[in-house]
Each structure stands twice: as structure tokens, then as C-alpha cells.
Protein chains: 2
Amino acid sequence: MHSLTVDLGDRSYPILIGPGLLGNSTHFTNAIRGRQVLVVTNETIAPLYLEKLLASLQDFDKVDSVQLPDGEAFKTLDTLNRIFDTLLEKRHDRSTTIVALGGGVVGDMSGFAAACYQRGVDFVQVPTTLLSQVDSSVGGKTGVNHALGKNMIGAFYQPRLVLIDIDTLTTLPDRELSAGIAEVIKYGMICDAPFFAWLEANMDALLARDPAALAYAVERSCADKAAVVAQDERESGRRAILNFGHTFGHAIEAVQGYGKWLHGEAVAAGMAMAAELSRLRGWISQQEVDRLRALLTRANLPQQSPVDMAVDDYLRAMSVDKKVQDGKLRLVLLRAIGDAQIVADTPKEQLIEALHSCGAR
Amino acid sequence: MHSLTVDLGDRSYPILIGPGLLGNSTHFTNAIRGRQVLVVTNETIAPLYLEKLLASLQDFDKVDSVQLPDGEAFKTLDTLNRIFDTLLEKRHDRSTTIVALGGGVVGDMSGFAAACYQRGVDFVQVPTTLLSQVDSSVGGKTGVNHALGKNMIGAFYQPRLVLIDIDTLTTLPDRELSAGIAEVIKYGMICDAPFFAWLEANMDALLARDPAALAYAVERSCADKAAVVAQDERESGRRAILNFGHTFGHAIEAVQGYGKWLHGEAVAAGMAMAAELSRLRGWISQQEVDRLRALLTRANLPQQSPVDMAVDDYLRAMSVDKKVQDGKLRLVLLRAIGDAQIVADTPKEQLIEALHSCGAR
């Protein structure tokens, strides 16, 4: 078992990574302070792992569970309210702990519910997708979508523990595995050139779900993210480099309709766009752009815009993205592979050219 | 103008109290950091004060407003979503400031919206009822109700500024003035015996809306509450004394249906119940109970249970109150007027006797 600590002062917490963790009750009894637990999961994950998790929680006094519908389309205030319904119907008090069993959507909603229920109860994450293991495990971002924008309603809220059971990746569909790899590649791109090179050498092992390769990639991704978040928990500055590819990616998700492209797929194409823009600015070479594009392709990820999206679609969608501050579009660009920088002065013509070079009409 | 600071480290903020503050743009330009403002108010307050407030905000680049329906019944996730709708439709970004103009319901929802919009934007409170001036101005409690419980969904979130324009009390209905006085009396009861004596001497002036008496009562109440909150921002211990009368009061509100009794009225009756229970425990005298009951009566407040509520109604409602921890009912009782203490070991028979002595069937 690997472990690392996300260092946030009195909000610090451990991430445990390894096989077989879900069936080990010790980790839960160590981390959970009260006697009540609510497991939040979804209809896809419940048949696979809920029974195993509940068996590990059998020493607690009150253990309930709620199953949400699966998918980003259900990441709404209405679905959130189902968690509150269950907590209140089952009479959970302030000492309860919410355990999220599932991917990013389950984690984001469970964390936000924990942040808001009785103004804050404890929270444990058991992420079961590669994307959620390498992304939402670290950083404390929780929340729901609004019809007019993704992740527009939420809170920064840290878990007490993140438990990553690598075995859960055996049931992950190929497409979701690739979508998770997009975020893994991101860490190499923004802050860890040696990891990017490791990914170039080990992409086949990851796609073949080699457990050791997966555990290493998850641990290194979490460590990279934790280092960035520790410097800037509330995203006032440096942390925004984690949004590399995301401003473009969110535009794709918003215009296509959430759920058509997976988040990681949209981010993959968005990273290609941000890389092209970095090249147009004279910061990285064509060769570096090609290395990124090649690695995305090997991971079965898109590195082009959806064919039906026009440049104007991007420009319109990006102006309501959260990364806009006081009217200025802030983007994350690359000085080199492994070295990201935030800029707020992108010329519109360069932006348009970068979008064209990734196939936007 | 009076002013005081709520001392919470890097979340400290000033409370300004006096006449004519709403019309003075300086206070707003000093406190608001961005160029965008959303005013949240309700349909009752808007015709009275919205125009005046907007005039004081005219130097900002983008000023929008949203009017919510008036009343506790609308303190829900659905109404909250109307604030998010407006913020997104009008394209407010992370640098926006939400200004709450209204009573406790507007303040609680606006503060919660500020806590959640894009995971946190700035917040300014302009409370227009006595209750909200002396209660929600201090403490950072924000949130909404759930069908199964009051204030069950929310966050601790501090404003940048609280601006209390005493002139707004001239339009407050008599019944709401009295309901606010209930919370003012509470501060005397739990931590400020000299203030309780001052209230006994000055109740007529308060009911006659003497501006100097009102300003003094508001300032002293805010200072008392700020002293308690500064010791315990997240309500892990001492802060719970502010709930004096509230566990009983919430039971009254829940069983009667929110809105039938005003919050302050329910708290008034609840304080009488908690005082009776303190007497049964041998902590305070019959005379002290009588002083409280007499002051409540002079303030036109109830000091008895609603006639149609039975002891069992209370017991049932109180077991889901937030103040229950690990299955134990925690109550705030009095060692003396001005000295409250939290207890978790109330004998059920004493509880029942206290409820009977306040007219519960």
C-alpha cells in the first residue's frame, strides 16, 4: 500500500492507494470519528462494490446508503437534495460521516452535501474511477452543476481520508480509463516532465491495466496535485494551472451538452488547444505539441475539436467560464512540457488560430 | 454612528450601526472589492429600500438585483437557485459581491448563495429587521431549510461588512419588532446580566422605537454575540449557548408549521421553558423565572406553549434538532440570569414537567 499526505494544516488528510483496501475495515474505523455513516453511491457502482464496503462498516451503530442516478446530467441541486432527504429521514446528526463510493460526480456531490449538511459533517472519499482517483481525491473541490454552467455551485471542503482501491479499476470501461489518463497526462504537462516521459514509456502498461503501473500513476498524480494545492488551497493564484485544457474542455462539454464527451476527453482536446496556443505564443515548439498529441492519441483520446463546433461556440462559452476574472480571460499555457503558466493577455486572433488548428470550424 | 469589529482573524469584519447608512455610498465602496454587485432582497423590502441602496451602488460597473418571495416558507434550495439563476444570467464572475437587503431569511439565503457561488464570493449584509440585526449579523450562519428540518443545509460564511441602518426599523411591523426583542432579551439572559437590567428599565423606549435605545440595544446585542462567536466560530462548544430557548423554539416552529409563529416568538416561549427547566434543576429561582416571563410579556411576546401542542410533540420534534449529538439531547440552561451552561443529561421527567409548566398538554 502506498500512502501520501495532502498537507493543508489542520485540514491535512491521508490518501491510501493499493489493492484490496475496500475490504479492510481498519482504515474506516481509524478515520471515522462518529458512530453514524451514510454511504453515497450510484446505481452503476452499487451492485459492484456497495456490499463489500458495507461489510467493512459493520461495526458502526447506524449505516445507511443512498443510490443516485449515474451521470454528469444528475449532478444537480435536485439530486443533492436526495442525499439530504436520506440523512434527515434516517435521522443522521452532526456527528455523521458521509462516505462517497463512486466516480467524480458521486464524490463532488457527496463532498458538497457533507460541506452543507448541518453546516458541515465529516467526509471520506472512496473514488472508483481513474479520473476521480487522480483529480477529485486532492483539492477539496465539491459542488454541482447549474443549467447555465458547470460546477457553478459548490464549496471547498476537505475529506478526512481518501481510500483508493486500485482493484476498482478492473471494472472501469475502457473509455473511462482513457478519460482518466487525460488528467494523468495533464500533471506531466503542467509540472512534471519526468512523469510525462514515464507516461510515454508506460502507456501500454496503463492501458493493459497493469496494477503496479496504475498504482504508480495514481500516486504520482495525487502527489503532483497535492504539491500545487498545498501552495494555494483556495485557488487564488498558482492552483489555476490545474485548469490546463479545462477552459477549452468546459466549452466543449457545455456546447455539446454534458455527458456526450466525457470530461477527460474534453480536457484532452482542450490540452491540445492550449498547447497550440502556447506554440503560437512562441513558448513551446511544434515538436512538443506533437509529443502531447501523440501521447493523447496512444491513450485513445481526442486531440481535435468536435467536428460540429465553430470558433464562435468556443468564444461564447468561454466568456462565462469561472476562469474569467474582472472580464479578462485567464488561460493556462506552457513554457515547456512540465512548466505551466497562467496568462490573462491572450490576443483574440491567436486564440482563434489555435482553435482552427485543432479543427474548430 | 457606532461600530464594532467581529474578531475572527483573517475573517474579521466591521459592523456599522446608525441612522442614514443606507444612503451613504462610501461604506459600500470601502467594503466591496470587485466591480460587480448583486443585491438580493424580497418583495416586501424592495419597494421600501431597494432604490435607495441602488443609488449608493451607482459607481460600480455591473449592479443587478433579484427579489425573492417574502417569508420563511421560501427559505429553500429552490429559492436559492433563483439567486444562482440571476448571477449566471447576468454573467457575474468570481469577483462579484452579493449584498443582502432584508431580514434573516434574505440574509441566510444570500450568505449561503455567496458561500456556494463559484465556491465562494464576497458578501455584505444590510439587515432591515431587528431580529436579523442582532442575530444573523454576527456568527456567519447561512443556509436554507429542508422539509424535514430548519436550517439543515448551510455553511459558516462571514460577510465583509454588516451595515445596520436603524432607520429601517421605522417600517418594521410591531409583531416583528417584538420578535427581534426576544433575541435581544436572550443575550441578557445568557451572558449579560447588566444588559438584562437595562432592558427591564428601557423596554418602553424600545417598543416606542426610540432611535437611541434601539441603536444601543443592537450594538450591545451584536457585541455580546461577537464575544461568544469569537471564542468558538464553528460551534463546537461554548457557542451553543446562543441556542438558549431555540431547541424548544424550533420544536414549536416545526410542529406549528414554519411561519405561523415568528422565530422570535417561538424562541421567547422556548426561553421560558428552558428557564423553568433550569429552576427544576435547582439552578435559578422562581423569582428569576418570573423576571424573564414578565419581561417577555411586556415585550408582547409569548411565554407559554401554543395551546394545541402536547408534550409528545416536543419530544418527537426535539430528537431531530441539530443540537442532538451522538443521540444525546443537549440543552442550554441557566445558572443565573446572565450565565448559561450547556447540559447533555436532562432527566426526561424534568423536561416533561418544564413543558407542562409552560402550558404544553
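Letters A, B, ... mirror the listed sequences (proteins, then strands); counts begin at 1. When reading the values below, keep in mind they use all heavy atoms of this one structure, side chains included, and skip hydrogens, waters and symmetry mates.
Neither the backbone nor the side chain of Asp61(A) comes within contact range of chain B, judged by heavy atoms closer than 4.5 Å. Contacts of Thr96(B) with chain A are absent, with no heavy-atom separation under 4.5 Å from either backbone or side chain.
Interface residues of residues 102-111 of chain A toward chain B, defined by a heavy-atom distance below 4.5 Å: none.
Within 6.0 Å of NZ in Lys90(A) there are 12 or fewer heavy atoms belonging to other residues, nucleotides or ligands.
Every residue two or more places apart in sequence or in another chain was checked for a side-chain contact (heavy atoms from CB on, under 4.5 Å) with Asp10(B), and none qualifies.
Looking at Glu183(A) and His246(A), their side chains do bring a donor and an acceptor atom within 3.5 Å of each other.
Atoms NE2 and NZ, on His263(A) and Lys150(A) in that order, are 5.5 Å from each other to the nearest 0.5 Å. Annotation: the span from Asp85(A) atom CG to Leu148(B) atom CG amounts to 6.5 Å, rounded to 0.5 Å.
Of the residues considered (Gly143(B), Ala155(B), Cys116(B), Gly120(B)), Cys116(B) shows the highest number of contacts with chain A, using heavy-atom pairs under 4.5 Å.
In this structure, Val124(A) and Val37(A) have side chains that are not in contact, with every pair of non-hydrogen atoms separated by 4.5 Å or more. For the pair Phe112(B) and Tyr157(B), the minimum side-chain heavy-atom distance is 4.5 Å or more.
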